[in-house]
Protein chains: 2
Amino acid sequence: MAGKTPVRAIDVARTSGVSRATVSRAFTEGSSISEAKLRRVLEAADALGYRPNAIARTLTSRKSGIVGIVIADLVNPFYAKVLETTCLKLQERKLASLLLSGADAHNLDTLLPQLLSYQVDGVIVAAATLSSRLADRCAERGLPVVQLNRYSELDHVNVVCCDNIRGGRMVAEHLLGIGRQRMAFLAGIENTSSSRDREIGFRSGLAQVGLDLKARDVGNYVYRDALDATQRLLSRKPRLDALFCANDAMAIAAVDVARSLKIKVPEELAIVGFDNTPPASSQAYSLTSVDQNIDQMVDQAVAMIVAGSPPTGQRAQKIFLASRLEVRNSTSGGATKVVRG
Amino acid sequence: MAGKTPVRAIDVARTSGVSRATVSRAFTEGSSISEAKLRRVLEAADALGYRPNAIARTLTSRKSGIVGIVIADLVNPFYAKVLETTCLKLQERKLASLLLSGADAHNLDTLLPQLLSYQVDGVIVAAATLSSRLADRCAERGLPVVQLNRYSELDHVNVVCCDNIRGGRMVAEHLLGIGRQRMAFLAGIENTSSSRDREIGFRSGLAQVGLDLKARDVGNYVYRDALDATQRLLSRKPRLDALFCANDAMAIAAVDVARSLKIKVPEELAIVGFDNTPPASSQAYSLTSVDQNIDQMVDQAVAMIVAGSPPTGQRAQKIFLASRLEVRNSTSGGATKVVRG
DNA sequence: CTGAAAGCGCTTACAG
DNA sequence: CTGAAAGCGCTTACAG
């Protein structure tokens, strides 16, 4: 219960015989303070176990050092990795991560204001899509916002995104290269820019050689829905010979369905996923998949947050990163090779 | 850049013709305020777009509404799920989650104080182990701490843990039940209570029928190390007929190695994992695994945080939860069945 | 470089 | 139920 009265700046000031202002300076990077006093203050602080109260500091300095992270689905290993990387890179810069999970368009309206009430210095939104009203609210406050892995038209929303169109086209070219002709696309959640652009790129790749998609279905980015969708796709006659799924979870479902139908992968059906998550590299699936380079994505996002909100009237940055096709057994019988795009 | 001056309580007070104190009361659950004023304040607040500044509130009320979550490894789907569940359950109670990722014993000493400087109301530590010095620091402040999925002897650290000994014993009984005799254990990280207790339970289950472990090795809870360890274990003569791995990632490695050695699973080698993560239920692995009931674990942990630190001199709670064996094809050729323990 | 003073935006006894 | 006042622990112009 208790809770001893914590040590405050004034205590350190008294012990080291300086003013509170000087104690504050000792804990502020790059503020003017003499070597001697700095040392004295730090010693006293250490002896007393003093750490500046970040909350009080926030109130006066108007910088919380907290970045809000909004993430839709942590069960997807891609987003788990994104979160871990983001959190780590923020920690490196001594920034803290306030997490909002399970965010969909619906509840974000009530959840985000709570996040903002903690005076976050910026918001990184992965997977969920910010409404324009919410984005405006952030812009009004001069709060930098970056949308990760979802494109947004909104003027003051920064975007870091994989070039999904190019990624889709790369997949088409790879499948054409191994002689496939009758191809289908398994969409993620309709109306997400990621699924849409992957499809656009895929189709355009096929169009280059005069081919069209033979079929398409929707798996909502999740295993269960993809199971049903693949079942439908694979029962078509004549048989498909390649299937591009908008993420790995769905591609894994596709492999499972193919196996249960005794369709040989890759001989009779080539399967490609997206995100190159750990399950894709597992021996039992060995899935060809498009890799997004999470590290680079997050680096950009963090840099945008640190850079702050763009000056009024100026448009936020939209960055598209190249992806890489990791070729595995689900499209090629043999050894692993990599195609850069 | 800009950032309009945000609306403060005083603005709402003026607009609605009341004092700042009354505005504050309007936003404080269960404080005495008349219906009429409540309505008037809320209307004005809505019109002006006012939200109380949680940082300022923290400074005066000494409750931040923030819970610190320390997690070692988000790439492990078990912990990703733990984090998501925790965050969601905290949100339900209007509590925020401040995340510390990639925490090991080493860097926790520097990272946790940063977390504490944000005046968190409690700390949930998953997977990493708190040093006794750190735990004391929290106790001094009257800060409730709960250690998830790792046992801790420390007096003022709450614990929510799966009954790993019982879990290990359950696995032994299951394997004995399907006629296995030559069994090995693949440990996680040595010196973690989880790996140690799973092994103790497993051994004690075998001991009940006079059997002993034929071999053991260490996989550090990760796929790569488990690959090598399993390779060693499976090259032994006479052959093992069952392998219990302290988590799923290692069990999956074991399946991969067995397959590459053309050892039939489960006919020649039964394999059991722990945590019942999504990959375990995938068709290609169909792994028998011990399920920990994350929901229940997190419920308990959150309840402990909300209850606050135990009165001085009193020992914190240590809760052990029952687990459940999910039987799949890696130990039984046929259909899925469940054993409660 | 250093200190005294004001102030960040709220809540909380204290009176009434 | 309501308001005036003090104060939470810090930082930041302002002088010196």
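All values below come from the heavy atoms of this structure, side chains included, with hydrogens, waters and symmetry mates left out. Quick note on labels: first sequence line is chain A, next is B, and so on, each numbered from 1.
- Regarding Ile33(B), its CD1 atom lies at a distance of 9 Å from the P atom of dG3(D), rounded to whole Å.
- For Arg133(B) and Asp136(B), the salt-bridge test fails: no basic side-chain N is under 4.0 Å from an acidic carboxylate O.
- For the pair Thr58(A) (side chain) and Ala54(A) (backbone), a donor-acceptor distance under 3.5 Å is present.
- Of the charged side-chain nitrogens involved, at least one lies within less than 4.0 Å of a carboxylate oxygen, so that Arg39(B) and Glu35(B) count as a salt-bridged pair.
- Look at CZ on Arg8(B): it is 7 Å from P on dC8(C), rounded to the nearest Å.
- Residue Gln119(A) contributes atom CD, which lies 9 Å from atom P of dG9(C) at whole-angstrom precision.
- Considering only heavy atoms from C-beta on, Val120(B) stays 4.5 Å or farther from Val67(B) through its side chain.
- Separating the CG atom of Asn53(B) from the P atom of dG7(C) is a distance of 18 Å, rounded to the nearest angstrom.
- Look at Thr60(B) and you won't find any side-chain N or O under 4.0 angstrom from OP1 or OP2 of dT11(C).
- Taking 3.5 Å as the limit, the base of dG3(C) and the side chain of Arg25(A) contain a donor-acceptor pair of atoms between them.
- Nucleic acid contact class of Phe27(A) (heavy atoms, under 4.0 Å, all strands): none.
- Note on Ser32(B): a base of the nucleic acid sits closer than 4.0 angstrom, heavy atoms only.
- The distance between atom NZ of Lys63(A) and atom C1' of dG9(D), rounded to the nearest whole Å, is 20 Å.
- Distance, Leu59(B) CG to dT12(C) P: 12 Å, rounded to whole Å.
- What separates CZ of Arg14(B) from P of dG3(D) is a distance of 14 Å, to the nearest Å.
- Across dG3(C), dC1(D), dC8(D), the shortest atom-to-atom separation from the side chain of Arg62(B) is found for dC8(D).
- Side-chain N/O atoms of Lys37(B) include none lying less than 4.0 angstrom from OP1 or OP2 on dC1(D).
- Listed here is the closest heavy atom pair of Met297(A) and Gln292(A): SD-OE1, 3.6 Å.
- Within the 4.0 angstrom heavy-atom criterion, base atoms lie near Ala21(A).
- Pairing of dA13(C), defined by two Watson-Crick or G-U wobble distances under 3.5 Å, is not identified with any nucleotide.
- Applying the 4.0 Å criterion to OP1 and OP2 of dC8(D), one finds that Thr58(B) has every side-chain N and O outside that range.
- Residue Ser61(A) places its side chain closer to dT12(D) than to any other of dT2(C), dT12(D), dT12(C).
- Between the C1' atom of dT11(D) and the CD1 atom of Ile10(A) lies a distance of 14 Å, rounded to the nearest Å.
- Looking at the side chain of Ser19(A), the nearest of the listed nucleotides dT11(C), dG9(C), dG3(C) is dG3(C).
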